[in-house]
Amino acid sequence: MQITIVLPDDIANQLNLQPEVISRRVLELIAADHYRQGRIGAAEVRRMLNFVSRWETYEFLKREKAYLPYTEEDLEQDVQAIRTVLVSE
């Protein structure tokens with residue numbers, strides 16, 4: 001899919017933006033935003049941005065501060081699951 005973005009020339013010149021840089025950055029912002037919302041996973045981010053490894057993907061998400069929500073309730077469920085596993089051993 002191709003998308004066109006219209007940006008006034010004077011602003012593009014002021015920001016010294018190159019078309020390929022703008023295109024990549026917009027794609028990165030879309031990927032990070034949709035990851036934050038839980039609409040796509042890390043695998044989809046990796047495919048969108050053509051990252052070689054999942055570690056590269058995680059570094060990108062960290063840099064973009066794109067964290068999935070993790071509540072205290074989630075933590076408590078994880079702690080309980082760990083306790084259950086440890087007791088059953």
Side-chain angles (χ1 to χ4, degrees):
M1 171 188 299
Q2 250 183 327
I3 299 172
T4 302
I5 298 173
V6 178
L7 183 63
D9 289 337
D10 62 321
I11 295 174
N13 291 335
Q14 179 182 352
L15 298 174
N16 196 25
L17 298 174
Q18 305 301 318
E20 57 280 348
V21 174
I22 294 171
S23 178
R24 174 65 184 196
R25 187 61 185 138
V26 168
L27 188 59
E28 289 175 350
L29 292 171
I30 290 169
D33 185 52
H34 284 271
Y35 180 83
R36 273 188 211 96
Q37 294 176 35
R39 298 180 73 198
I40 62 173
E44 287 83 11
V45 171
R46 181 178 172 185
R47 283 183 42 220
M48 284 177 70
L49 302 177
N50 293 317
F51 289 138
V52 176
S53 71
R54 66 180 170 169
W55 302 115
E56 188 177 6
T57 305
Y58 295 150
E59 287 174 19
F60 163 76
L61 292 169
K62 181 179 178 183
R63 193 171 54 249
E64 292 297 319
K65 296 180 176 59
Y67 310 114
L68 288 177
Y70 189 77
T71 65
E72 286 185 41
E73 183 178 312
D74 295 329
L75 175 62
E76 189 56 42
Q77 288 175 354
D78 289 344
V79 168
Q80 187 58 42
I82 291 169
R83 286 183 180 143
T84 301
V85 168
L86 292 176
V87 168
S88 67
E89 288 184 348

Any side-chain heavy-atom pair of R36 and D33 under 4.5 Å = yes

query = When you look at CG of N13, are more than 12 heavy atoms from neighbouring residues, nucleotides or ligands closer to it than 6.0 Å?
reply = yes

ask   = Taking side chain as C-beta onward, heavy atoms only, is L49 less than 4.5 Å from T57?
value = no

message = Do L15 and L27 sit in one hydrophobic cluster, given that two such residues count as connected whenever their side-chain heavy atoms are within less than 4.5 Å of each other, even indirectly?
response = yes

inquiry  = As an exercise, state the distance from CZ of R46 to OH of Y58, rounded to the nearest 0.5 Å.
reply    = 9.0 Å

inquiry  = Grouping I, L, V, M, F, W and Y whenever their side-chain heavy atoms are under 4.5 Å apart, do I5 and M48 come out in a common cluster?
reply    = yes

inquiry  = Please check: side-chain N/O of Q77 versus main-chain N/O of D74, any donor-acceptor pairing under 3.5 Å?
reply    = no

query = In terms of side-chain geometry, is the basic nitrogen of E28 or R25 positioned less than 4.0 Å from the acidic oxygen of its partner?
reply = yes

request  = Count the heavy atoms of every other residue, nucleotide or ligand shown that sit under 6.0 Å from CZ of R24, and state whether that count exceeds 12.
outcome  = yes

query = So which heavy atom on Y35 is nearest to which on A42, and how close?
reply = CE1-N, 3.6 Å

H34 and V45, any side-chain heavy atoms less than 4.5 Å apart = no

request  = Rounded to the nearest 0.5 Å, what's the gap from NZ on K62 to CD on E59? Could you check?
outcome  = 8.5 Å

inquiry  = Which heavy atom of A66 sits nearest to which heavy atom of A32, and what is that distance?
reply    = CB-O, 3.9 Å

task = Establish whether I22 and I30 are linked, either directly or via other cluster members, by ILVMFWY side-chain heavy-atom contacts under 4.5 Å.
result = yes

query = Checking S23 side chain against P19 main chain: does a donor-acceptor pair fall under 3.5 Å?
reply = no

request  = For E20, look at atom CD and say whether over 12 heavy atoms of other residues, nucleotides or ligands are found less than 6.0 Å away.
outcome  = yes

key: Heavy-atom check, side chain of I82 versus side chain of V79, under 4.5 Å   = no

message = Between I40 and V26, is there shared hydrophobic-cluster membership here, with clusters defined by ILVMFWY side-chain heavy atoms closer than 4.5 Å?
response = yes

query = Between E76 and R83, what is the shortest heavy-atom contact and its length?
reply = OE2-NH1, 4.1 Å

